[in-house]
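To start, the structure itself, in structure tokens.
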Amino acid sequence: MSKEKIWLSSPHMGGREQSYIQQAFDTNWIAPLGPNVLGFESDLEDYLQNGTSVFVGALSSGTAAIHLALILLGVSSGDEVICQSMTFSASANPILYQGALPVFVDSEPDTWNMCPESLEEAIKDRIAKGNKPKAIIAVHLYGMPFKADEITAIAKKYQIPLIEDSAEALGSSYKGEKCGTFGDIGVLSFNGNKIITTSGGGAIVVRSKELKDRAVFFATQSRDNAPHYQHSEIGYNYRMSNICAGIGRGQMEVLDEHVSLRRKANAFYSDYFSAIDGVKVLEEPNSDWFSNHWLTGIVIDQEKTGKTSEDLRLAFEKENIESRPLWKPMHLQPIFEKYPYYGTDISANLFKNGLCLPSSSNLTDNDYARLEDVLNGFFF
Ligand SMILES: *Cc1c(COP(=O)(O)O)cnc(C)c1O
């Protein structure tokens, strides 16, 4: 008999999702618009709001949100866009959709996110070469906020708009301010493996009603105001479905609970590895940081432990437990390796020695016991 699979990050329904979907069926709003879309947007706005104006547009994916962010910022063919190298490829692909050129920047060791020094070095060098970057894409990996004070100060100093890829960080905050609201434009994802899911979906977070209307205009095929179908700009089919948004409304009711359950998984691993010399868990640098701990990542020091992250991954796999290497940096990816890169080998070493551990909000006591058994067998 094979053991039940423990996933790295599994969907976790709260219970009320289906009633929102039922409402959509009852009222025949089976379309990429309707009351659930507006309700989900307003739930997100309330959640992110902190005295400042926050406007949210619900979209078909986080990738679509990054693409629209670049379009709203006027990024086009031949422009350069700075992007954190250590991330999921969806952060960088939309740069190429626009015919623009990515410039990759290394991570720093405290949060594993964009290194402020390497960012400034990249900006200065690109300006010296005559092509000032049009935007910066920084990412809160695994829910850990990037060094927001430093990164936003550099963006401001050089007057380059910041796109905040908060796809993994809904529910995280830095100095009490919610992730998704630091950039000129923020991006959220509700893919199946994220902290809340709409099965697939995303959102763009902007600072004015005008910009939100503009994003929704592009997301609904850029239709001009006319009785016939009239178009003066390129359009996209990027709006969220009213069915998916119904799942999102149900998920918003359990978001904070999911955050505490993901943090519980992180506390379990931090506690476990505090007794093992040579394993480092990604943790909040100080009390300014609050991570949703979407995924718990560790780095294994091969010399100290005599083990590799790949050995641990295989030990989990034997027990039908999913774990996964950290994101492979974009500057090491075949599709992106020809583009400029600034930094050293921080992100490359994280990739080499790192592993993401099962972090779902629906892990059971029995799951925790199985995880502990594998770890005990592996390290002792
Ligand atoms: C998931 C993710 C995205 C893309 O979101 P989708 O909704 O899957 O398109 C972008 N950036 C990061 C860092 C992600 O983890």
Side-chain angles (χ1 to χ4, degrees), residues 7-11 32 40 44 56-71 81-98 102 104-105 107 111-114 135-146 151 162-172 179-180 182-183 185-205 215 219 236-241 244-245 247-248 251 258 262 282 291-297 324-331 333 335-336 347 350-351 354 356 359-360:
W7 298 96
L8 183 69
S9 179
S10 106
F40 185 40
L44 285 164
V56 173
L59 302 174
S60 53
S61 71
T63 310
I66 296 173
H67 190 196
L68 287 186
L70 294 170
I71 291 167
V81 175
I82 291 180
C83 183
Q84 183 165 321
S85 185
M86 191 166 174
T87 184
F88 179 42
S89 63
S91 305
N93 280 330
I95 301 170
L96 299 192
Y97 301 170
Q98 284 306 96
F104 293 110
V105 167
S107 293
T111 72
W112 300 359
N113 293 313
M114 187 178 269
I136 299 165
I137 303 173
V139 189
H140 306 295
L141 278 190
Y142 308 122
M144 183 62 70
F146 57 68
I151 299 289
L162 178 65
I163 298 173
E164 180 193 4
D165 182 345
S166 194
E168 303 178 0
L170 180 61
S172 299
C179 287
F182 292 106
I185 300 180
V187 168
L188 303 173
S189 168
F190 313 110
N191 202 343
N193 60 355
K194 298 287 161 48
I195 190 145
I196 62 165
T197 181
T198 59
S199 71
I204 190 163
V205 184
Y236 303 86
N237 185 3
Y238 280 170
R239 199 70 165 123
M240 180 179 278
S241 139
C244 295
I247 307 176
Q251 290 271 281
H258 283 199
R262 298 254 176 186
L282 176 62
S291 173
N292 68 9
H293 285 307
W294 171 60
L295 294 184
T296 290
R324 190 179 294 159
L326 302 186
W327 296 122
K328 181 175 182 179
M330 293 303 112
H331 73 280
Q333 298 282 358
I335 183 79
F336 291 122
S347 56
L350 286 168
F351 169 62
C356 289
S359 306
S360 303

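Every number for a ligand or one of its atoms is a count from 1 in the order of the listing. Numbers here are sequence positions counted from 1.
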Discussion item. For His140 and Phe146, take the angle between the two ring planes, folded into 0 to 90°, and tell me which bin it lands in: parallel under 30, tilted 30 to 60, perpendicular over 60.
Written reply: parallel

Practice prompt. Looking only at non-hydrogen atoms, find the nearest pair between Thr63 and Ala90 and report the distance.
Written response: OG1-CB, 3.5 Å

Response to the item:
among protein heavy atoms, the one nearest atom 15 (O) of ligand 1 is Glu168 OE2, 2.6 Å

Fill in: Which atom of Ser91 lies closest to which atom of Val139, heavy atoms considered
OG-CG2, 3.9 Å

Item to complete: Check if Gly201 has a non-hydrogen atom at a distance under 4.0 Å from any atom of ligand 1.
Response: yes

Item to complete: Taking only heavy atoms of Thr63 into account, list the atoms of ligand 1 that are under 4.0 Å away from them.
Response: 4 (C), 5 (O), 6 (P), 9 (O)

Worksheet entry | Ser61 contact mode with ligand 1 (heavy-atom cut-off under 4.0 Å) | both

Worksheet entry | Residue-ligand contact Ser91/ligand 1, heavy atom below 4.0 Å | yes

Item to complete: Find all atoms of ligand 1 within a distance of less than 4.0 Å from any non-hydrogen atom belonging to Asn191, and give their numbers and elements.
Response: 8 (O)

Fill in: Closest contact, heavy atoms only, Trp327 versus Thr87
CB-O, 3.5 Å

Practice prompt. Looking only at protein heavy atoms, identify the closest one to atom 2 (C) of ligand 1 and say how far it is in Å.
Written response: Lys194 NZ, 2.8 Å

Worksheet item: Taking only heavy atoms of Ala90, which atoms of ligand 1 are found under 4.0 Å from at least one of them?
Response: 3 (C), 4 (C), 10 (C)

Practice prompt. Would you tell me which option among Asn193, Leu295, Asp165 has the nearest heavy-atom contact to atom 12 (C) of ligand 1?
Written response: Asp165

Fill in: For Val139, the ligand 1 atoms whose distance to one of its heavy atoms is below 4.0 Å
13 (C)

Practice prompt. Using distance alone, decide if ligand 1 has a nitrogen or oxygen within less than 3.5 Å of any nitrogen or oxygen in Gly62.
Written response: yes

Worksheet item: Atoms of ligand 1 less than 4.0 Å from Ala167 heavy atoms?
Response: 2 (C), 3 (C), 10 (C), 11 (N), 12 (C), 14 (C)

Practice prompt. Return yes if some donor-acceptor pair links the side-chain N/O of Ser166 with the main-chain N/O of Leu188 below 3.5 Å, else return no.
Written response: no

Item to complete: Using a cut-off of 6.0 Å, state whether more than 12 heavy atoms not belonging to Leu96 lie near its atom CG.
Response: yes

Worksheet item: Of all the atoms in ligand 1, which lie at a distance below 4.0 Å from a heavy atom belonging to Ser189?
Response: 1 (C), 5 (O), 6 (P), 7 (O), 8 (O)

Item to complete: Dump the intermediate steps for ring-ring contact (aromatic ring centres under 6.0 Å, His included) on Phe190 and Phe40, then the final yes or no.
Response: CA-CA 12 Å; Phe190 313 110; Phe40 185 40; 5.0 Å; yes

Practice prompt. Would you name the heavy atoms of Arg262 and Ile195 that are closest together and state the gap between them?
Written response: CG-CD1, 3.8 Å

Worksheet item: Going by the angle between their ring planes, with limits at 30° and 60°, are Trp294 and Tyr142 parallel, tilted or perpendicular?
Response: parallel

Discussion item. I need the atoms of ligand 1 closer than 4.0 Å to a non-hydrogen atom of Thr87, numbered in the order shown.
Written reply: 13 (C)

